[in-house]
Amino acid sequence: MRSYLRLEIVRGLRNPAGLVLLVLFPLGLYLLGTEVLDVVPPGLADGFAARTMVSMATYGALGGALFIVGGAIALERGKGWPAQLAVTPLPAHGYVTAKLVAGAIWVLPGILVVLAAGALVSGVRLPPATWPLLVALIWVGVLPFAALGIAIGYALRGQAANLAMMTVYFGLSVLGGLWLPVEAMPAGMRAVAEYSPAYLAGSPAWRALDGVPPTAASIAALAGWTLLFAALALWRYRRAL
Amino acid sequence: MTGNALELRAVTKQYGPVTALAGVDLTVGEGETVALLGPNGAGKSTLLSIALGLRAPGSGTATVLGRRPVEALRAGGVGVLLQESGLLEDVRVAELVTAVAGMYPKPLAPERAMRAAGVEDLAGQRVGRLSGGQRQRVRFALCVVGDPGLLILDEPTVGLDVAGRRALWQEVRDRTARGRTAVFATHYLTEADDYADRIVLLAGGEVVADGPVSTVKALVGGREVRCRLYGGDLADLEILPGVLQVDVEGGGPGGASVALRTNDSDATLRGLFAMYDDVRDVRVDTTDLENAFMTLTGGRGR
């Protein structure tokens with residue numbers, strides 16, 4: 001188990017496409033939104049850079065949770081790798097666990113790079129303890145997406161899985177106000193957005209910028225999504241074995 | 001439990017209207033080398049995947065090393081080479097072999113397994129860049145690196161060149177010489193002949209013969225003598241020594257195409273040249289296994 005875990009972690013270094021999608025893309029969008037374009041919604045100029053920093057760090061981490069875990073499962077299932085593992089001592093849940101651990105590690109670069117850009121390029125200033133708190137909150141916030149990734153990874157393969165992942169990734173990121181804040185949305189859309197998983201993933205860290213704890217409702221809702229996606233993942237995983 | 005490496009009891013499997021296995025009993029003792037022979041569609045792969053717990057039998061039971069198959073796999077007692085199973089593409093050969101070695105309680109050194117499979121020169125290569133034959137060798141390295149007591153190989157030499165085949169069988173033989181068990185599926189009679197001490201013949205989802213290599217070989221008829229004949233009484237072919245079956249195509253002045261299945265090709269040839277004046281294009285082949293199965297199983301091979 002440990003030897004396989006090590007292999008899965010090392011593999012994270014080998015994926016240039018993943019690096020672009022999950023690190024450079026959020027970083028680029030962050031710099032574009034804060035340093036290049038003039039897209040600050042009226043009335044939100046205060047703390048816009050810090051807020052966008054959290055949004056883009058969440059956006060990158062969310063993609064990592066989806067693709068490093070579930071995307072890899074879908075790809076490798078298509079190639080028959082889990083079938084090979086099935087005749088080794090490694091149990092199927094060991095494979096998923098290794099993917100989750102690798103995912104937990106490899107979402108960090110995206111978060112750290114965007115936060116670093118916020119501090120170094122945009123001059124975002126926060127109490128020292130808030131920085132690690134942001135990392136932790138975002139990291140926990142994207143948990144439901146790891147579960148959703150597993151569900152898709154065990155439900156679909158190849159192009160279909162890719163398309164589903166991309167749709168979920170962009171769709172939920174936009175709906176959750178990671179690209180443009182929910183304050184810029186019409187009231188009806190905003191009401192839905194604030195209970196969508198990507199918004200809830202970012203919400204604790206956004207509130208931490210103001211030094212306030214997450215609301216009980218948002219934690220409950222986030223836990224609800226996590227449970228729902230985990231149940232979905234378990235169902236698809238069992239079906240696929 | 002007893003010293004059986006593999007035990008199947010009354011195993012059946014149905015795919016929709018197709019019967020893949022129609023009640024198979026099979027016991028493989030520890031230290032045996034068993035070849036599972038049969039034409040395509042005989043149920044070889046289905047049988048192996050049920051024996052490994054990868055598929056559930058319709059009815060019946062499978063036991064490996066005295067336990068449920070999945071438990072035996074998890075305990076690291078079995079090394080398996082499946083047909084066309086996948087590999088990770090973006091890792092190096094040595095990394096893959098090392099990672100799999102680490103899953104077993106008492107693995108070989110990865111270098112040792114790579115040498116046995118003939119991939120030591122590819123250790124630093126990305127798996128994604130390998131050819132089909134090289135991949136098959138890597139699969140074999142993964143299969144033996146855990147140093148398991150039981151090897152299960154499904155058509156292990158498919159895609160391998162001569163050197164690759166030789167290396168693979170050499171390693172299998174080294175292991176069985178040390179009391180390990182090996183079960184392999186093949187449709188090459190020669191592989192069974194050279195490397196197994198027992199043959200289990202499967203056709204139409206049933207075991208149609210099971211015994212020492214010599215016994216089963218005699219049953220499926222050793223050789224086929226082919227030639228073209230010009231003139232002479234073709235009916236006399238039946239009485240040539242050793243001949244079991246005669247097939248004739250054509251005839252008359254254009255000559256006849258003759259195929260004789262025989263259990264003594266030397267005697268058959270001597271008789272052939274003695275009896276006919278104009279014999280041309282003589283070839284002696286190992287009997288086409290598929291045809292032998294058809295004879296033996298009355299067409300149930302399909």
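Naming convention: chains lettered A, B, ... in sequence-line order (proteins, then strands); numbering from 1 in each chain.
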Closest non-hydrogen atom pair, A/Ala86 against B/Leu54: CB-CD2, 3.9 Å
Over 12 non-hydrogen atoms of neighbours within 6.0 angstrom of CZ in A/Arg238: no
Most chain A-contacting option - heavy-atom pairs closer than 4.5 Å, from B/Gly76, B/Ser85, B/Ala75: B/Ser85
Pick from A/Leu75, A/Leu5, A/Leu90 with the largest number of heavy-atom pairs that fall under 4.5 Å of chain B: A/Leu90
Proximal component of B/Leu81, with respect to chain A [non-hydrogen, under 4.5 Å]: neither
Sidechain-backbone polar pair: A/Ser3 side chain, B/Ala99 backbone, donor-acceptor under 3.5 Å: yes
Minimum heavy-atom distance between A/Leu85 and B/Met103, given as atom pair plus value: CD2-CE, 3.8 Å
Heavy-atom neighbours of A/Trp206 CH2 exceed 12 at 6.0 Å: yes
Chain A contact via B/Arg126 - side chain, backbone, both or neither, heavy atoms under 4.5 Å: side chain
Contacting region of A/Gln84 [heavy-atom separation from chain B under 4.5 Å]: both
Member of B/Thr98, B/Leu88, B/Val100 meeting the side-chain contact (heavy atoms from CB on, under 4.5 Å) criterion with A/Leu7: B/Leu88
Under 4.5 Å from any heavy atom of chain A - which part of B/Leu73: both
Short side-chain to backbone donor-acceptor contact, A/Arg2 and B/Gly102, under 3.5 Å: no
B/Val78/A/Val87 under side-chain contact (heavy atoms from CB on, under 4.5 Å): CA gap, chis, key distance, verdict: CA-CA 8 Å; B/Val78 194; A/Val87 295; over 6 Å; no
Closest approach of A/Trp81 to B/Leu96 (non-hydrogen atoms, all atoms of both residues): CH2-CD1, 3.6 Å
B/Glu89/A/Arg11 ion pair, N-O < 4.0 Å: no
Residue A/Arg14 excluded, over 12 heavy atoms near CZ under 6.0 Å: yes
